[in-house]
Every structure is written in C-alpha cells, then in structure tokens.
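Chain A is the first sequence line, chain B the second, and so forth, proteins listed ahead of strands; every chain is numbered from 1.
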Amino acid sequence: DAKTTQPPSMDCAEGRAANLPCNHSTISGNEYVYWYRQIHSQGPQYIIHGLKNNETNEMASLIITEDRKSSTLILPHATLRDTAVYYCIVRVANSGGSNYKLTFGKGTLLTVNP
Amino acid sequence: GAVVSQHPSRVICKSGTSVKIECRSLDFQATTMFWYRQFPKQSLMLMATSNEGSKATYEQGVEKDKFLINHASLTLSTLTVTSAHPEDSSFYICSASYRERGNTEAFFGQGTRLTVV
C-alpha cells in the first residue's frame with residue numbers, strides 16, 4: 001500500500017471547520033483513500049473513503065485533488081468530541097483476504113478547543 | 001455500520017499465564033479478521049490476518065506460537081496471548097471485513113487493554 005504523510009498535530013476551534021491534509025503522492029490508480037479516527041483508548045472508527053471524486057457523508061467531506069496525490073478531510077463544524085487521532089490510509093479496493101488490510105501511519109492528532 | 005465486539009475490554013493477568021481475547025462480528029459474517037496491537041503513543045501495528053477456517057497469516061516479527069489465533073466461525077475470532085510477560089502489555093484491537101462489497105470499510109472492535117503484572 002502507498003505511504004501517506006500527515007501533519008502530527010492540528011488545533012481547531014469548536015464550531016469551526018477542521019481541514020486535515022494528507023499527502024499520498026505514490027498512490028496507484030486502483031487505490032482508494034480511507035480516513036479513520038481513533039478517540040483515546042477506543043478502536044478506530046471509519047469516517048469516509050473515496051477514489052477520485054469528492055465524497056460527503058454525515059460525518060465529513062473528502063476532497064481529493066485531480067492528480068490524486070493529496071486529499072483533505074473536512075469536518076464542517078468541529079465539536080469537542082471530534083478530538084482524536086485521524087488516520088489517512090490508501091489501499092487497494094479488491095475484495096477478499098489480505099486486501100482489506102489497513103496499514104496505519106502516525107496520523108494527525110486533532111485537538112478541538114472550546 | 002456493522003458492529004464488532006471485543007471481550008474483555010480490560011484484563012490484568014499475572015506473568016506466565018495465558019489470556020484469551022474474543023472478537024465477534026454481531027450483525028454480519030466476517031470472512032476476514034485482523035488483529036492489531038498498539039503501544040502507548042504509537043500507531044496500530046498489524047499482527048496477523050485470519051480467514052475463517054484456515055490458519056492465520058502473521059506479520060513479520062510476530063511469534064505465531066505466542067499469539068495463537070483461531071477463527072473457527074464467521075462471527076468469532078480469538079487471540080490467545082500465551083505465557084504473557086509484562087512487555088506484552090498493550091492495547092489489542094481486532095477488525096473484521098466481509099466480502100459482499102468490493103471496497104467496503106473494515107469495522108473495528110473497541111479494543112482490549114492487557115496489563116501483565
């Protein structure tokens with residue numbers, strides 16, 4: 001799986017949008033971009049994923065650049081409960097077996113301040 | 001999303017004993033389950049991949065005789081830490097996937113905090 005680069009930490013004010021960047025310059029054409037987050041002492045939680053089009057769900061929006069070498073996760077109105085480590089992961093989207101394996105980097109610690 | 005449940009959430013054991021951690025997919029059949037380990041202030045490290053009915057595939061550096069994985073059914077995988085030592089103290093997390101969609105997300109359990117004293 002392609003490697004990703006994320007800033008180690010970011011701060012955001014409560015109620016404002018949080019924009020978390022991720023670089024994945026070696027991404028292959030068949031690799032998706034996934035975002036997970038981990039709140040302290042809990043298991044990771046899926047947020048969103050995409051291939052090349054921008055995606056939005058009830059939690060966040062994912063903006064992927066046209067060359068797919070970077071992406072941004074947007075939390076539109078951050079709350080204190082969004083404080084967590086956010087992981088950007090790229091992986092092949094084939095079905096079955098070890099292709100579901102996720103390789104976690106160090107992620108970005110997002111701290112939402114009141 | 002689908003629910004993955006781990007049990008116990010916390011366990012303290014004496015050095016030299018064995019500990020079993022269960023991972024269950026509650027509302028779907030998990031064809032593949034993964035076991036991760038996370039030390040304080042570090043990221044998740046994959047330990048092994050288990051497919052229902054077959055032997056687990058271990059990542060390099062993970063002792064298969066120490067970390068026994070059983071995936072006997074499509075809803076249950078177990079990780080047994082044998083002859084535990086204090087350095088095995090860690091946060092163990094499982095995840096599960098199913099094959100119905102080609103690029104589905106993996107679902108994670110809530111983790112098990114193991115402390116070996």
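- Residue B:K66 places its NZ atom among more than 12 non-hydrogen atoms of other residues, nucleotides or ligands, all under 6.0 Å distant.
- Heavy atoms of A:Q45 lying under 4.5 Å from chain B are absent altogether.
- Panel note: side chain B:Y36, backbone A:L102; a donor-acceptor pair is recorded below 3.5 Å.
- With a 6.0 Å radius and a threshold of 12 heavy atoms from other residues, nucleotides or ligands, A:M59 has its CE atom above the threshold.
- You'll find the ring centres of B:F108 and A:Y36 inside the 6.0 Å limit.
- Proximity of A:Q38 to B:Q38: side-chain heavy atoms (C-beta onward) are separated by under 4.5 Å at one or more points.
- In the hydrophobic clustering of ILVMFWY residues, with side-chain heavy atoms under 4.5 Å counting as a link, B:V117 and B:F39 come out apart.
- A single hydrophobic cluster is not seen to contain both B:W35 and B:L68; linkage of ILVMFWY side chains at heavy-atom distances under 4.5 Å, directly or through other members, places them apart.
- Considering all non-hydrogen atoms of both residues, B:L44 and A:P44 come closest at CD2-CG, 3.7 Å.
- Interatomic distance, B:K41 NZ to A:L109 CG, rounded to the nearest 0.5 Å: 9.5 Å.
- At a 4.5 Å heavy-atom cutoff, the contact between B:L46 and chain A is made by side-chain atoms alone.
- Enclosure of atom NE2 in B:H7 is not indicated, since only 12 or fewer non-hydrogen atoms of other residues, nucleotides or ligands lie within 6.0 angstrom.
- Counting non-hydrogen atoms of neighbouring residues, nucleotides and ligands closer than 6.0 angstrom, the CD1 atom of B:I12 reaches no more than 12 such neighbours.
- Listed here is the closest heavy atom pair of B:R113 and A:S41: NH2-OG, 3.4 Å.
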